[in-house]
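None of the values given here were measured: they were computed from a predicted structure.
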Amino acid sequence: MALTGPVILGTFRTPEGFAVIKSELIDRISVQNPHLYWQDAEKIVNTIFSEITAAMARGDRVELRGFGVFFVRFREGRTGRNPRTGALVSVGSKAVPFFRSGKEMKSLLNSYARGSDIHASR
């Protein structure tokens, strides 16, 4: 049984599965809120994403109850290897974004997974 209806409405299929792009998210918000113009919905989505990004750039943790937590982990520098030549390469330290889903999201996803053909490999 595949997910149908509003869950995947407006999505497209990629080799990894279904995907929702930012413009489709904006479209959904403007359709669900007819009092908003499309440009206003776009400003809302862009503001949310930019605020999450700015908070993470400061090293802050962003917690959206029921959805999940965005946070940054710092990786130390190390010595790597060029796969083509085998030469040693210095890899600098870097910040890596992470997301941990919330309990409500995990519960919702597991309820969809039990009734559909979603595979754990995706």
Side-chain angles (χ1 to χ4, degrees):
M1 178 177 162
L3 296 176
T4 58
V7 175
I8 60 169
L9 180 67
T11 59
F12 60 94
R13 189 119 166 92
T14 65
E16 297 81 32
F18 288 100
V20 177
I21 58 175
K22 189 163 112 175
S23 63
E24 291 173 346
L25 179 61
I26 294 167
D27 287 341
R28 288 182 188 192
I29 290 172
S30 64
V31 166
Q32 291 175 2
N33 299 280
H35 60 283
L36 290 177
Y37 291 112
W38 191 90
Q39 294 84 357
D40 294 334
E42 181 181 31
K43 285 180 188 176
I44 291 168
V45 170
N46 287 335
T47 301
I48 291 169
F49 289 161
S50 65
E51 288 299 318
I52 290 172
T53 302
M56 291 177 65
R58 291 189 306 267
D60 295 341
R61 171 184 149 122
V62 179
E63 182 175 332
L64 304 173
R65 296 282 170 136
F67 183 74
V69 180
F70 296 91
F71 58 99
V72 177
R73 287 189 181 158
F74 294 95
R75 292 195 178 156
E76 297 293 323
R78 60 184 174 84
T79 302
R81 189 175 297 275
N82 183 330
R84 183 174 293 159
T85 64
L88 295 178
V89 179
S90 177
V91 179
S93 60
K94 58 183 161 183
V96 182
F98 277 87
F99 174 76
R100 185 177 320 132
S101 60
K103 188 192 307 186
E104 291 176 29
M105 179 184 279
K106 287 179 188 174
S107 175
L108 180 66
L109 291 175
N110 285 325
S111 69
Y112 280 129
R114 278 186 228 106
S116 69
D117 60 356
I118 295 176
H119 297 14
S121 63
R122 289 189 188 160

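- In the hydrophobic cluster analysis, where Ile, Leu, Val, Met, Phe, Trp and Tyr join through side-chain heavy atoms closer than 4.5 angstrom, Leu108 is grouped apart from Val69.
- Residues Asn33 and Asp40 fail the side-chain proximity criterion, which asks for heavy atoms closer than 4.5 Å.
- At least one side-chain heavy atom of Leu88 sits under 4.5 Å from a side-chain heavy atom of Arg81.
- When all heavy atoms of Ile29 and Ala41 are compared, the pair lying nearest together is CG2-CB, 3.8 Å.
- When all heavy atoms of Asp27 and Ser30 are compared, the closest pair comes out as O-OG, 2.9 Å.
- Scanning all heavy atoms of the two residues, the minimum distance from Pro34 to Val31 falls at CD-O, 3.8 Å.
- The two residues Lys22 and Val45 have their closest heavy-atom pair at CG-CG1, 4.0 Å.
- Ionic pairing of Arg78 and Glu76 is not present here: no N-O contact between side-chain nitrogen and carboxylate oxygen is shorter than 4.0 angstrom.
- Side-chain atoms of Val20 and Arg28, non-hydrogen and from C-beta on, do get closer than 4.5 Å to each other.
- With rounding to the nearest 0.5 angstrom, the OG1 atom of Thr53 is 10.5 Å from the CZ atom of Arg58.
- Separating the CZ atom in Phe49 from the CG atom in Leu25 is a distance of 5.5 Å, to the nearest 0.5 Å.
- Side-chain contact between Arg73 and Arg75 is absent, with no heavy-atom pair separated by less than 4.5 Å.
- Cluster annotation: Phe70 and Val96 are assigned to distinct hydrophobic clusters (Ile/Leu/Val/Met/Phe/Trp/Tyr, side-chain heavy-atom contacts under 4.5 Å, transitive).
- By the neighbour-count criterion of 12 heavy atoms within 6.0 Å, atom CD of Gln39 is densely surrounded, having more than that number from other residues, nucleotides or ligands.
- Counting only distance, with no hydrogens or angles, the side chain of Thr47 and the backbone of Lys43 share a donor-acceptor pair below 3.5 Å.
- Ala95 and Phe74 get closest at one heavy-atom pair: CB-CE2, 3.6 Å.
- Taking the six-membered ring where the residue is Trp, Phe98 and Phe71 present parallel rings, their angle staying beneath 30° rather than reaching 60°.
- Ile48 and Tyr37 fall into different hydrophobic clusters, where Ile, Leu, Val, Met, Phe, Trp and Tyr side chains are chained together by heavy-atom contacts under 4.5 Å.
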